[in-house]
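In this text, all values refer to a predicted model and were calculated from it rather than measured experimentally. Chain letters run A, B, ... following the sequence lines, proteins first and then strands; every chain starts at 1.
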Amino acid sequence: MRFLVISLLISLAMLTFGKLVVYTYDSMISGLAKYIEPMFEAMYGEDVVFMSFGDAGAVLSRLILEGDKTEADIILGLDQNLLLKAEEANLLLPYKPLNWKKIKEEFIPEDFHATPFDFGAIAVVYNSKTLKKPPTSFEDLLNPEYKRKLVVEDPRTSSTGLAFLLWTIAVYGDDFTEYWRKLRNNILTVTPGWDEAFEMLESGEADMMVSYATDEAYSYHYYRSTKFKPVIMKEGAYVQVEYVGIVKYTDDLELAKRFVEFMLSDFVQKEIPLNQWMFPITDVKLPEIFVEHTPKIEKVLSLNPESVQKNLDRWLKEWTKVMTGF
Amino acid sequence: MDKSHDRILKISGATLPPIIFIALFSILPLILLVIEFKPRDVRIIFEENLGIIEFTFVQALISAILVVLLGVPLSRITARRRLPKTFDVFLKVLSKIPFVIPGISMALGFMLFFGRKGLLNILLKPFGMSISILYSFPAVLLGHVFYNIPVVVYTVGTLWEKIGGEILESAKIDGASDTKILLRVEIPLLIPSILSSFLMAFTYCFTSFAVVLILGGVRYSTIEVAIYTYLRILLDFRSALALTILQMIFLAGIAVLRYTIGRNPEVFHGETLKEKMRTSDWIYLTALSFAIFAPLFLSLMGGFVERGGWKFSLDGLRYLFQRTWESVLGTNIVDVFKDTFSIALMASTISTFVALLSSRISVFHYPLFSVIAYIPATISTVTLAMGYVLLEGIFKLSEVLMISLLHATISLPMTHMILESAWRRIDPSLEDSARVDGAGTFRVFSHVQLPLMWRGLLRAFTLAMAISMGDLAGVITLSRHTFTLSSAIYRLFSSRHVTEALALNSIMMLVVLAIFALGEILGED
């Protein structure tokens, strides 16, 4: 009974009044959010609260579930494919920020259902101590010398894994199943998430994993180690763009708009590399570590989000069939 | 007033809380989801996912058979052999641990033990041998045995201890050998509970998620994986719901099957004969402990070794307590512990209370009640947690309370099962004689039955705590501000604080071990 009373009291105390609620994925909270929060509050004198419910897919599904009852004013960190889902669920309020021209040209959206604020690339990350000659292209990755050396994440449970699958589709189109059939021999296992794959790379169980282009910069920054190095395949990079959107049911539209503008400001953009481990969407100067320890993105591959939306279910089924026989 | 009538009234009063609890916290969330997102046609979903459904069934069947084959001998040892006291407690505590291990930590343990560079292969190297068992079907089976052996030990082992010694004695006097007694007397008596634990293990293997994916790899995935994909990757709630309903119908069938297996409780009020450990028992115990508990130990040690090596190191712990985690968790480590415990305590209080009533009813009055208490085990946790998001809109309870209720719900099938076997060990004639002396239901319970059930209650309570602490999917889906140890570990991992995550994981496992040890020691008969 006492617990009940205490919990009720806590829930009363938690009722939120007049502050900006931002839904975002888990690792954003410990990354960029801890810089944004005090800065935004200092600039606008309003509280901002970040809430997370797992990865970006989980956050969006939470928002869909809550519908018009949601507390969220902003959803932060949807990628181009999830963004389309959010549009489809009619959750976003389009807004074209005043300083939209700061956005790098290739990332300027046609309509501003949401605003891009950073981007990153998927890469194959390898252990440079055990693998002297890393693969340079997708074709190269099929080489028998990499037999059972690669760990990939399951696209059915992991956003990283999904991005890698989409990368192969961007390269091979509908023939991607053929590619995966061959790649199977070189895959040690498919893990449900990034954590397990990383654990396998770090313990020496595997020599390569699917991860991000900024991994080396990250581990150099924190541990002065360049043991794990990323490769972007010759065929071109698959880029994930992250968006900030205003939730249709916001009760403080003006503040939400300010938040979107704020995300494009130099204050935030220059914090992105070393906190979010992504690339800024505007032309702010990159830190030295990024210049030295991230691979050059020479060619960007893209997949039309509408086509992803239309075919993802089928692609995942085909992938499952190739990988499992079901 | 007619006495039997009076009793029926009392029974129906006691049936209400469990029924209301299940209706509000297992069924209603699903109904809300169904209303909000109309599920797709179950038949189409069935056809589309036929391959996965078949595999789910087959792997669960083989796993459950293996669990019983390995678990029954273990139950026999715990029931019929005189184990050194400390070893007995040790064994019982260890057998509960699998319930609370987060997927990542279990994966780590198995990898450190069975992996290409794992302990087993290091040990085998001088003999020129090597084993590669991970990422294969045997690894899935191994994982399932690891997770489900406690189920068998609970159901079968606890009953086994209560087979009257006089029955065994008289068989002995008639010249029956030990094997003969086992096969002709003990096993036949235990068949209902063996089948029941088999079906329970089947259900858990059927809804298995992390074990199958992590240990078996992508070739082996279950319906639960497909549900997760629909919910989290495709955001196709309609398909996810249809598949959840399909799985629920099937598992409800299993529950009914469990219920129809008759029971014969009369012989289970004695004290069995305890015999000396034989060499074969020791060999079995050592081999099983090695295969099952070694990965556990390695996982426990994960926080205390240098990354990627075998050197002892306290770096993870040092970082964990030296740095401030406000920025990562939005709260500090001490609060994480506090919230974890408040949720776990609240959840296990609710779960144990509901299970105490439901198990009493299913044992003494309506056996069908065990089917009702079993409903939460048939629902995918991720789906259930999403239903709770809608439930929050209706009940307006605090998130700590909502998470506790969810945890109480998912642990109910286990607490119910434990308390069923506790009730079954109580001689019903005790209640009748107390009633003759004029004692009311509550008085009978508090003065006669509670002292006898104390240990079962403690077991149920600590296990529910463990399940609450081990849950990740539920906390992540529901929580806005609250962290439990599991979700804090997840957050540390996802922000790449791997060393600290493993250290916190080791601490969590130690804490749980301590709770269990306390439970076993205090609850000793």
*Asks:* Step by step, work out the side chain to side chain contact (heavy atoms under 4.5 Å, CB included) result for B:F37 and A:I64.
*Replies:* CA-CA 10 Å; B:F37 311 92; A:I64 294 175; 4.0 Å; yes
*Asks:* Using heavy-atom distances under 4.5 Å, tell me whether A:Y222 contacts chain B through its side chain, its backbone, both, or neither.
*Replies:* neither
*Asks:* Given that the side chain runs from C-beta out, which part of A:M200 has a heavy atom under 4.5 Å from chain B: side chain, backbone, both or neither?
*Replies:* both
*Asks:* Nearest heavy-atom pair of A:L65 and B:M386: which atoms, and what distance?
*Replies:* CD1-CE, 3.4 Å
*Asks:* Go through A:D154 and B:T229 one step at a time and tell me if the side chain to side chain contact (heavy atoms under 4.5 Å, CB included) criterion holds.
*Replies:* CA-CA 10 Å; A:D154 195 326; B:T229 308; over 6 Å; no
*Asks:* Determine yes or no for a side-chain-to-main-chain donor-acceptor pair under 3.5 angstrom, with A:K85 supplying the side chain and B:L234 the backbone.
*Replies:* yes
*Asks:* Taking heavy atoms only and a threshold strictly under 4.5 Å, list by residue number the residues of residues 74-84 of chain A that touch chain B; give 'none' if the list is empty.
*Replies:* A:L82
*Asks:* Is atom CZ of B:F353 surrounded by more than 12 heavy atoms (other residues, nucleotides or ligands) closer than 6.0 Å?
*Replies:* no
*Asks:* Sort A:A206 into side chain, backbone, both or neither according to what part of it lies under 4.5 angstrom from a heavy atom of chain B.
*Replies:* backbone
*Asks:* Please look at A:L316 and chain B and tell me whether the side chain, the backbone, both or neither of the residue comes under 4.5 angstrom of a heavy atom of that chain.
*Replies:* side chain
*Asks:* Check whether A:N127 gets within reach of chain B through its side chain, its backbone, both or neither, counting any heavy atom under 4.5 Å.
*Replies:* neither
*Asks:* In terms of side-chain geometry, is the basic nitrogen of B:R480 or A:E66 positioned less than 4.0 Å from the acidic oxygen of its partner?
*Replies:* yes
*Asks:* Out of A:L312, A:T191, A:T157, return the one with the most heavy atom pairs under 4.5 angstrom to chain B.
*Replies:* A:T157
*Asks:* Got a second to check how far B:S487's OG is from A:D26's CG, nearest 0.5 Å?
*Replies:* 8.0 Å
*Asks:* Most heavy-atom pairs under 4.5 angstrom with chain A, which of B:A501, B:G387, B:S479, B:G393?
*Replies:* B:S479
*Asks:* Assess, by modelled atom type and distance only, whether the side chains of B:R491 and A:S52 contain a donor and an acceptor separated by less than 3.5 Å.
*Replies:* yes
*Asks:* Side chain, backbone, both or neither: which part of B:L33 has an atom under 4.5 Å from a heavy atom of chain A?
*Replies:* side chain
*Asks:* Please flag which part of A:Y223 lies under 4.5 Å from any non-hydrogen atom of chain B: side chain, backbone, both or neither.
*Replies:* side chain
*Asks:* Which one wins on heavy-atom pair count under 4.5 Å against chain B: A:Y218, A:Y25, A:W277, A:F198?
*Replies:* A:Y218
*Asks:* Could you tell me which of A:G57, A:P192, A:S158 has the largest number of non-hydrogen atom pairs under 4.5 Å with chain B?
*Replies:* A:P192
*Asks:* Would you say that A:F53 contacts B:T477 through its side chain, given a criterion of any heavy-atom pair below 4.5 Å between the two side chains?
*Replies:* no
*Asks:* Looking at side-chain heavy atoms only, is the closest gap between B:E392 and A:K69 below 4.5 Å?
*Replies:* no
*Asks:* Report yes if the side chains of A:S61 and B:F237 come closer than 4.5 Å at any heavy-atom pair, otherwise no.
*Replies:* yes
*Asks:* Indicate the atoms forming the closest heavy-atom contact of A:R156 with B:Y228, along with that distance.
*Replies:* O-CD2, 3.9 Å
*Asks:* Run the side chain to side chain contact (heavy atoms under 4.5 Å, CB included) check on B:L235 and A:L60 step by step: do they pass?
*Replies:* CA-CA 8 Å; B:L235 300 181; A:L60 180 55; 3.3 Å; yes
